[in-house]
Amino acid sequence: YIYIFFSLLSQILGAVILGFGIWILADKTSFIAVLQTSSPSLKTGAYILIGVGAVTMLMGFLGCLGAVNEIRCLLGLYFTCLMVILITQVAAGLIIYFQKETLKEELSRIVGRLIETYDPLNEEEKNLEDAWDYVQRQIACCGWVGAEDWENNAVLINRSMTAYPCSCSNSSEDSKADSGFCNLNIPLNGTATFADWPVHQQGCMDGVQNWLKDNLGIVLGVCTGVAVIELLGMILSIALCKNIHSEDYTKVPKS
C-alpha cells in the first residue's frame, strides 16, 4: 500500500512537471515568451520537462499495476525507468548550475537584439515585442542594463531620439500607450537623449533575474520532490519485488 501511494504521488508530480513544460511553450505574455521565442535552449528544456513528466506519469501507472497484480517484470521496468529519469534530472541540474554564466550572457544577447530591432510596425515580431513591453511595465524598468540601451534602436535613431518606448514611461498620464513609441511633449532642438525621456532609468536585468529565480525555484523544488519520491519508489519496488514469490505448483494436489 505504501508503494502504491508513492506511485500515485509520482503520477501527480509528473503531471505537475508536464504542466510546467506546457506552460513554458504556451505562455505569450510574460518574459518566458521572450525567451522561448528567441532561445532554442529554453524550448528544448520545455520539451524535456514534458517528456520527463509524461514518462513519470506512465511509470507511476505501471508501478501501481505491477504492485496490485504482483508482476515482477513491471516492477523491474518501473525501477529501471525511475533510475534513468533520476540520473537525467541530476545531470540536467548540474548542467544548469555550471552553465549559469553562459545562460546570463545568452539572456543579455537575446534582450539586446530585441531592443535593437524593436519596431511597432513589424507584425511578425509583435507577440515578442508585446511580451517585452509587458515586462517593462510590470517591473517598472527600461532596457536591460538601463534606458540607454534604447539608444541602439534603429527606429529611435532615425527619429533623432525624439520618441521613447511607451512601456518605459514613468508618467501617470492615463493617455500613455502600453506599447510602441511615444513622442516627447517638450520641444527640443531636433535631437534628444535617453536622459530627456520621461522613463524609468533602471534596467530590467535585476528584476528579470529575480523573477526567473523565483519561478525556476518553484520548478526545481517540484523536480526535487519528484526525485525524492522516485528514489523512495525505487527502494520500495526492489523490496516488493523480492517479496513476490512464484507459486509452487508442485504442492498442488493431483486430480
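Positions are given from 1, in the same order as the sequence printed here.
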Check your understanding: Which is it for Cys204 and Cys142 under the disulfide (SG to SG under 2.5 Å) test, yes or no, and what are the steps along the way?
Key -> CA-CA 6 Å; Cys204 301; Cys142 193; over 6 Å; no
Point to revise | Side chains of Asn183 and Thr162 in contact at under 4.5 Å (non-hydrogen atoms) | key: no
Check your understanding: Between Trp197 and Tyr164, how do the two ring planes meet: parallel, tilted or perpendicular, split at 30° and 60°?
Key -> tilted
Review point. What heavy-atom pair brings Glu151 and Met161 nearest, and what distance separates the two atoms?
Key: O-CE, 3.1 Å
Exercise for review: Enter the distance from Met83:CE to Leu231:CG here, rounded to the nearest 0.5 Å.
Suggested key: 12.0 Å
Exercise for review: Report the distance from atom SG of Cys141 to atom CD of Gln201, rounding to the nearest 0.5 Å.
Suggested key: 12.0 Å
Exercise for review: Answer with yes or no whether the hydrophobic clustering places Ile87 together with Ile17; edges join I, L, V, M, F, W, Y residues whose side-chain heavy atoms lie under 4.5 Å apart.
Suggested key: yes
Practice item. Would you confirm whether Asn122, through its side chain, and Asp119, through its main-chain N or O, come within 3.5 Å as a donor-acceptor pair? Key: no
Revision key, fill the gap. Between Val199 and Pro165 the two heavy atoms that sit nearest each other are CG1-O, 4.3 Å
**Study point:** same_hphob_cluster(Val52, Leu58) at 4.5 Å side-chain heavy-atom cutoff
**Key:** yes
Review point. Of the non-hydrogen atoms in Pro198 and Leu184, which two are nearest, and what is the gap between them?
Key: CD-CD2, 3.7 Å
Exercise for review: Identify whether the distance between the nearest side-chain nitrogen and carboxylate oxygen of Arg137 and Asp133 falls below 4.0 Å.
Suggested key: no
Practice item. Measure from the side-chain N and O atoms of Asn153 to the backbone N and O of Tyr118, and report whether any donor-acceptor pair falls under 3.5 Å. Key: yes
Practice item. Measure the CG-CZ distance between Asn152 and Arg113 for me, rounded to the nearest 0.5 Å. Key: 14.0 Å
Practice item. Describe, in one word, how the ring planes of Trp144 and Trp132 are oriented to each other, choosing from parallel (under 30°), tilted (30 to 60°) and perpendicular (over 60°). Key: tilted
Practice item. Enter the distance from His200:NE2 to Gln136:CD here, rounded to the nearest 0.5 Å. Key: 9.5 Å
**Study point:** Gap between atom CG of Asp149 and atom CG of Leu114 - 0.5 Å precision
**Key:** 11.0 Å
Point to revise | Same apolar cluster: Val155 and Ile157, side chain cutoff 4.5 Å | key: yes
Review point. Looking only at heavy atoms, what is the nearest atom pair of Ile115 and Gly143, with distance?
Key: CD1-CA, 3.7 Å
Practice item. Kindly give the heavy-atom pair with the smallest separation between Ala163 and Leu156, and that separation in Å. Key: O-CD2, 3.4 Å
**Study point:** Tyr47 with Val84, same ILVMFWY side-chain cluster at under 4.5 Å
**Key:** no
Check your understanding: Roughly how far apart are Glu129 CD and Ser167 OG, rounded to 0.5 Å?
Key -> 10.5 Å
